[in-house]
Novice: 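Sending over a structure as structure tokens; questions will come in a sec.
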2 protein chains.
Amino acid sequence: MNKISVWKTIATRITRDIAKGHYESGSKLPSEAELSKQFSVNRHTVRHAISALVEDGLVYTKHGSGTFVATKSIRYNVGKRVRFHQSAQALGHNANKRILNLSTRAADDEERKALKLRKGTEVHIFEGIGLIAGMPISHFIAAFPAKRFPDMLENLSQNSSITNSFKVVGITDYTRTLTRITSVIADTTTAKNLNLKTGSALLRSISINSDMDGKPIEYGRTWFSGDHIELTIEN
Amino acid sequence: MNKISVWKTIATRITRDIAKGHYESGSKLPSEAELSKQFSVNRHTVRHAISALVEDGLVYTKHGSGTFVATKSIRYNVGKRVRFHQSAQALGHNANKRILNLSTRAADDEERKALKLRKGTEVHIFEGIGLIAGMPISHFIAAFPAKRFPDMLENLSQNSSITNSFKVVGITDYTRTLTRITSVIADTTTAKNLNLKTGSALLRSISINSDMDGKPIEYGRTWFSGDHIELTIEN
DNA sequence: AAACATTTGTCCGTATGTATT
DNA sequence: AAATACATACGGACAAATGTT
């Protein structure tokens with residue numbers, strides 16, 4: 001069955017302890033030797049766990065000194081609440097959506113990973129075309145955990161605003177935890193959706209929105225027409 | 001002395017070989033057993049090196065199958081204090097620059113507007129190619145107010161680091177006040193600079209850096225190869 | 001299908017180096 | 001100077017996933 005490795009369980013144990021406030025921000029964890037004694041494992045196993053936490057940015061190590069709980073405030077606060085629609089509206093443009101597809105299906109690997117779902121879990125899919133002043137500007141596909149938001153599709157079909165739909169289910173605020181942007185060439189279907197020639201430049205944005213507890217609630221992919229859109233990040 | 005660990009030298013060796021095109025994208029690396037024999041080290045040492053490359057996103061491993069060269073692009077963090085060089089280094093890649101042009105001339109309209117300069121004011125121009133592991137990744141043009149930074153060009157020619165050059169003139173800290181990203185198609189000259197075909201997708205980033213008083217000190221334009229770069233915004 | 005070889009993943013143990021306290 | 005703590009490197013053994021015969 002699902003055998004979980006020792007180092008992973010130790011990593012989650014430490015993570016949990018930190019989350020619980022067992023260790024304060026900036027405080028020193030027990031030494032590797034101590035931890036290995038506590039968990040009755042080899043020191044290397046503890047090191048493996050700690051190394052994973054370092055990667056996550058949860059702790060950091062200081063050679064000869066110890067392992068310390070990282071302070072959260074170091075992280076960059078750029079683009080936390082940047083939404084494209086908002087900025088389009090702020091520009092005074094008439095922005096709306098054309099819905100192409102509202103459905104529920106098993107999450108693919110990409111969606112599962114982003115939303116931290118188990119295999120076979122279902123997601124709601126919200127696909128459409130973003131319009132500004134009647135011009136097709138973007139093609140988007142958004143995925144939401146179906147179990148957590150049973151009525152999402154109905155809400156979306158009525159008001160077609162993701163933010164508002166989240167509000168209905170009690171999520172009044174959420175932040176973008178990841179934005180990844182690449183430049184790609186339009187294939188035939190995307191080009192057709194956006195009224196472009198095949199081979200045009202597109203901005204592809206992949207984003208993850210999370211609730212205030214840090215749980216991912218939306219995985220979005222958007223293709224913007226490169227001719228019409230600029231992504232602006234202001235501090 | 002500057003003692004470099006064995007696993008690190010192995011990691012850079014493999015990185016270099018991949019950059020050189022020794023291994024194709026998606027192809028399998030020699031097995032851990034083979035590599036450890038090649039480098040005359042323990043298998044664990046090779047594993048340590050590979051693990052670092054996996055973190056960098058340069059390769060990925062498949063349990064029971066092998067280690068493969070990732071087709072993945074290099075992530076570039078756009079953040080308040082994140083700079084190209086830094087983020088590339090943070091990824092463990094060997095990043096440096098090739099200078100194409102250092103000169104002083106009257107600012108064009110775009111530069112004047114961004115740097116808030118009067119008509120006819122001069123700017124220093126710093127143009128070059130950004131390299132990661134020897135591969136051309138970006139083409140950049142940076143403009144600085146000449147009057148405020150008289151010795152900028154000399155500094156840049158010596159250490160070729162913008163951050164360090166600012167330090168020399170007393171600017172120890174500055175933040176990115178604007179980042180604007182669009183997708184464009186490579187023209188012939190840019191394509192040539194970046195070893196791409198004309199018509200490839202590019203990410204064009206326009207940025208303004210300002211000192212702690214909010215005065216703009218740098219106007220930068222960068223064209224990233226869309227194949228190799230992802231812009232990532234994390235909170 | 002089943003047995004086998006290959007390859008990565010996990011875990012243990014030991015020793016030594018290097019930075020900090 | 002000594003003790004403590006993390007970093008590196010070696011070695012061995014078995015598990016788990018994959019590919020081949």
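Every chain is numbered from 1, with letters handed out A, B, ... down the list of sequences. None of the values given here were measured: they were computed from a predicted structure.
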Novice: Both distances below 3.5 Å, Watson-Crick or wobble geometry, any strand: find the nucleotide opposite D:dA1.
Specialist: none

Novice: At what distance, to the nearest 0.5 angstrom, does CG of B:L53 lie from NE2 of B:H48?
Specialist: 10.5 Å

Novice: Quickly work out the B:R47 CZ to C:dT10 C1' distance and round it to whole Å.
Specialist: 8 Å

Novice: Picking from D:dC10, D:dT18, D:dA7, which would you name as closest to the side chain of A:E32?
Specialist: D:dA7

Novice: Rounded to the nearest Å, what distance is computed from the CD atom of residue A:E34 to the C1' atom of nucleotide D:dA5?
Specialist: 10 Å

Novice: Between C1' on C:dT18 and NZ on A:K62, what's the gap in Å once rounded to a whole number?
Specialist: 16 Å

Novice: Give a yes/no on whether any side-chain N or O of A:T61 is located under 4.0 angstrom from OP1 or OP2 of D:dA7.
Specialist: yes

Novice: From C-beta outward on B:H44, which listed nucleotide comes closest to its side chain: C:dC11, D:dT8, C:dG9?
Specialist: C:dC11

Novice: Out of C:dC11, C:dT8, D:dT8, which nucleotide sits closest to the side chain of A:V6?
Specialist: C:dC11

Novice: Any side-chain donor-acceptor pair under 3.5 Å between A:D187 and A:T190?
Specialist: yes

Novice: To the nearest Å, give me how far apart OH (B:Y60) and P (C:dT7) are.
Specialist: 16 Å

Novice: When the aromatic ring centroids of A:F126 and A:F140 are compared, is their separation below 6.0 Å?
Specialist: yes

Novice: What integer distance in Å separates B:H48:NE2 from C:dT8:C1'?
Specialist: 17 Å

Novice: Would you mind reading off the distance between B:F39 atom CZ and D:dC10 atom P, rounded to a whole angstrom?
Specialist: 13 Å

Novice: Using OP1 and OP2 only, check whether a side-chain N or O of A:R43 sits under 4.0 Å from C:dC12.
Specialist: no

Novice: It should be established whether A:T67 places a side-chain nitrogen or oxygen under 4.0 Å from OP1 or OP2 of nucleotide D:dA5.
Specialist: no

Novice: Can a salt bridge be assigned to the pair A:R221 and A:E127 using a cut-off of 4.0 Å between side-chain N and carboxylate O?
Specialist: no

Novice: How many whole angstroms separate atom CH2 of A:W7 from atom C1' of C:dG9?
Specialist: 10 Å

Novice: Find the distance B:K37:NZ to D:dG11:P and express it as a whole number of Å.
Specialist: 14 Å

Novice: Can you identify which nucleotide, out of D:dT8, D:dG19, C:dT10, has its nearest atom closest to the B:S5 side chain?
Specialist: D:dT8

Novice: Counting only side-chain heavy atoms from C-beta out, which of C:dT21, C:dT7, D:dA9 sits nearest to A:S65?
Specialist: C:dT21

Novice: Would you say B:N42 reaches D:dA9's phosphate, i.e. side-chain N/O to OP1/OP2 under 4.0 Å?
Specialist: no

Novice: Is any side-chain N or O of A:H63 under 3.5 Å from a base N or O of C:dG17, one able to act as donor and the other as acceptor?
Specialist: yes

Novice: Assign each of A:G64 and A:V41 to its nearest nucleotide of DNA chain C by heavy atoms, then name whichever residue's nucleotide is nearer the 5' end.
Specialist: A:V41

Novice: Run the numbers on A:Q38 and A:R13 for side-chain contact (heavy atoms from CB on, under 4.5 Å), then give the verdict.
Specialist: CA-CA 12 Å; A:Q38 271 186 37; A:R13 269 285 292 276; 5.9 Å; no

